[in-house]
Amino acid sequence: MNSRHLRRIALTVSAAAMLPLALTACSGDSDKSSSDSGADKAASSAPAKETESAATMDEPFGPGCASVPAEGAGSFAGMAQDPVATAASNNKDLSTLVAAVKQAGLVDTLNSAENITVFAPTNDAFAKIPKADLDKLLADKAELTKVLTAHVVGEKLTPVQLEKGSFDTLAKTKLTTAGSGEDYTVNDSSKVVCGNVPTANATVYIVDTVLMPAS
């Protein structure tokens, strides 16, 4: 066997020995690339979810929000430009409340207040009160004022604060809240149907039951 043939055999054996090492290295790089890609994808998706959740908390929520018009003075954008009593007067579902506020002489009080939260009963909420009782309430300015101011807290409340809250009202009564997400109850009896509605000087939570303070 000549020397040229021996060199060919040696080169062949050397190449065969190096092949598994090369394949292992390629496989390791591929796995690392795949792992890095998955990690990058997870990292990029997490902030997006957090941002989306934070944005949702800043917006009105609840089934009753569907009745709010998309444009005009009664829209969310329109209400945000006006003080709370004026903003409520542009919402057709709050016409009974607005009439009661006028009857009690509270329009200027609410419009001039700063950074308040109003739990605003809908027309249907007032309709739950027997007509004779409602007429009697509307005719008694002092009692009407007490009832209406029992719906007002002297600070702007976020949905997070409503999860398990207890707040003093302008009527010197206690208002309690509980819930999470888009499901909140006020005073264990009234449900928020459209919450976190901004006005120029207040945050409004529209509720389905009138909050009657204890005598």
Side-chain angles (χ1 to χ4, degrees), residues 57 60-65 79 82-89 91 93-215:
M57 293 302 288
F61 64 84
C65 295
M79 292 176 71
D82 293 322
V84 64
T86 302
S89 70
N91 186 319
D93 293 328
L94 301 177
S95 59
T96 304
L97 172 63
V98 171
V101 168
K102 290 178 179 178
Q103 184 75 10
L106 291 173
V107 172
D108 290 341
T109 299
L110 293 177
N111 277 349
S112 61
E114 295 183 1
N115 299 323
I116 60 175
T117 296
V118 177
F119 292 86
T122 62
N123 295 344
D124 289 340
F126 279 100
K128 293 179 181 180
I129 302 174
K131 187 178 186 305
D133 293 341
L134 181 57
D135 289 343
K136 181 180 178 181
L137 176 63
L138 293 174
D140 186 338
K141 186 174 180 180
E143 187 63 22
L144 181 60
T145 298
K146 181 180 180 181
V147 169
L148 293 176
T149 53
H151 291 73
V152 184
V153 174
E155 62 178 304
K156 284 189 176 182
L157 301 177
T158 66
V160 172
Q161 288 175 281
L162 301 190
E163 291 181 359
K164 189 177 181 181
S166 178
F167 310 99
D168 293 324
T169 72
L170 299 191
K172 310 300 182 185
T173 59
K174 281 289 185 183
L175 182 149
T176 60
T177 59
S180 62
E182 297 187 359
D183 185 12
Y184 295 95
T185 302
V186 185
N187 286 0
D188 296 322
S189 61
S190 188
K191 289 285 189 180
V192 173
V193 295
C194 182
N196 208 30
V197 179
T199 73
N201 68 324
T203 298
V204 177
Y205 291 88
I206 301 174
V207 295
D208 68 358
T209 304
V210 177
L211 308 175
M212 302 299 288
S215 300

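Worth saying up front: this structure is predicted, and the values here are computed from it rather than measured.
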Could you go through L175 and N187, starting from their C-alpha distance and side-chain angles, then the distance that decides it, and tell me whether this counts as side-chain contact (heavy atoms from CB on, under 4.5 Å)? CA-CA 6 Å; L175 182 149; N187 286 0; 3.9 Å; yes

Verdict with reasoning, E155 to I116, per side-chain contact (heavy atoms from CB on, under 4.5 Å): CA-CA 4 Å; E155 62 178 304; I116 60 175; over 6 Å; no

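Take D140 and apply the side-chain hydrogen bond (donor to acceptor under 3.5 Å, both in side chains) test, not counting sequence neighbours, and it matches no residue. Residues meeting the salt bridge (Lys or Arg N to Asp or Glu O under 4.0 Å) test with K102, sequence neighbours left out: none. Contacts of T203 classified as side-chain hydrogen bond (donor to acceptor under 3.5 Å, both in side chains), with partners at least two apart in sequence or in another chain: none. Under the rule for a salt bridge (Lys or Arg N to Asp or Glu O under 4.0 Å), the partners of K131 that lie at least two apart in sequence or sit in another chain are D135. L162 pairs by the side chain to side chain contact (heavy atoms under 4.5 Å, CB included) definition with F119, L157, F167, T177, Y184, Y205, not counting sequence neighbours. Residues meeting the side chain to side chain contact (heavy atoms under 4.5 Å, CB included) test with N123, sequence neighbours left out: S95, T96. Applying the side-chain hydrogen bond (donor to acceptor under 3.5 Å, both in side chains) criterion to T209, with sequence neighbours excluded, gives K128.
Closest heavy-atom contact between T149 and A171: OG1-CB, 3.2 Å. For the residue pair T122 and D208, the shortest heavy atom distance occurs at OG1-CA, 4.3 Å. Across all their heavy atoms, S190 and L211 have their closest contact at CB-CD2, 3.6 Å. Among all heavy-atom pairs drawn from T173 and A150, the shortest one is OG1-CB, 3.8 Å. L110 approaches V84 most closely through the heavy-atom pair O-CG1, 3.6 Å.
Looking only at side-chain heavy atoms (C-beta outward), V207 and V192 come within less than 4.5 Å of each other. Taking 4.5 Å as the limit, some side-chain heavy atom of L106 sits within range of a side-chain heavy atom of T145. Inter-residue side-chain proximity for L170 and L148 is flagged as unmet; no heavy-atom pair is nearer than 4.5 Å. With a 4.5 Å cut-off on side-chain heavy atoms, V204 and N91 do not count as touching. Inter-residue side-chain proximity for D93 and I206 is flagged as unmet; no heavy-atom pair is nearer than 4.5 Å.
Between the OG1 atom in T158 and the CG atom in N196 there is a gap of 7.5 Å [rounded to 0.5 Å]. Interatomic distance, OG1 of T86 versus CE of M79, reported as 10.5 Å (0.5 Å rounding). Going from atom CE of M212 over to atom CD of E143 covers 6.5 Å, rounded to the nearest 0.5 Å.
Contacts classified as disulfide (SG to SG under 2.5 Å) and involving residues 106-160 (residues at least two apart or in different chains) are not found. For residues 100-187, no residue pair satisfies the disulfide (SG to SG under 2.5 Å) rule, not counting sequence neighbours. The ring pair (Phe, Tyr, Trp, His ring centres under 6.0 Å) contacts involving residues 126-145 comprise nothing, where partners must be two or more places apart or lie in separate chains. The ring pair (Phe, Tyr, Trp, His ring centres under 6.0 Å) contacts involving residues 135-158 comprise nothing, where partners must be two or more places apart or lie in separate chains. A disulfide (SG to SG under 2.5 Å) check over residues 151-213, counting only residues at least two apart or in different chains, returns the pairs C65-C194.
Side-chain atoms of T185 and K191 include a donor-acceptor pair closer than 3.5 Å.
Proximity of a side-chain donor or acceptor of N201 to a complementary backbone N or O of P83 within less than 3.5 Å is not detected. S112 contributes a side-chain N or O that, together with a main-chain N or O of D108, makes up a donor-acceptor pair within less than 3.5 Å.
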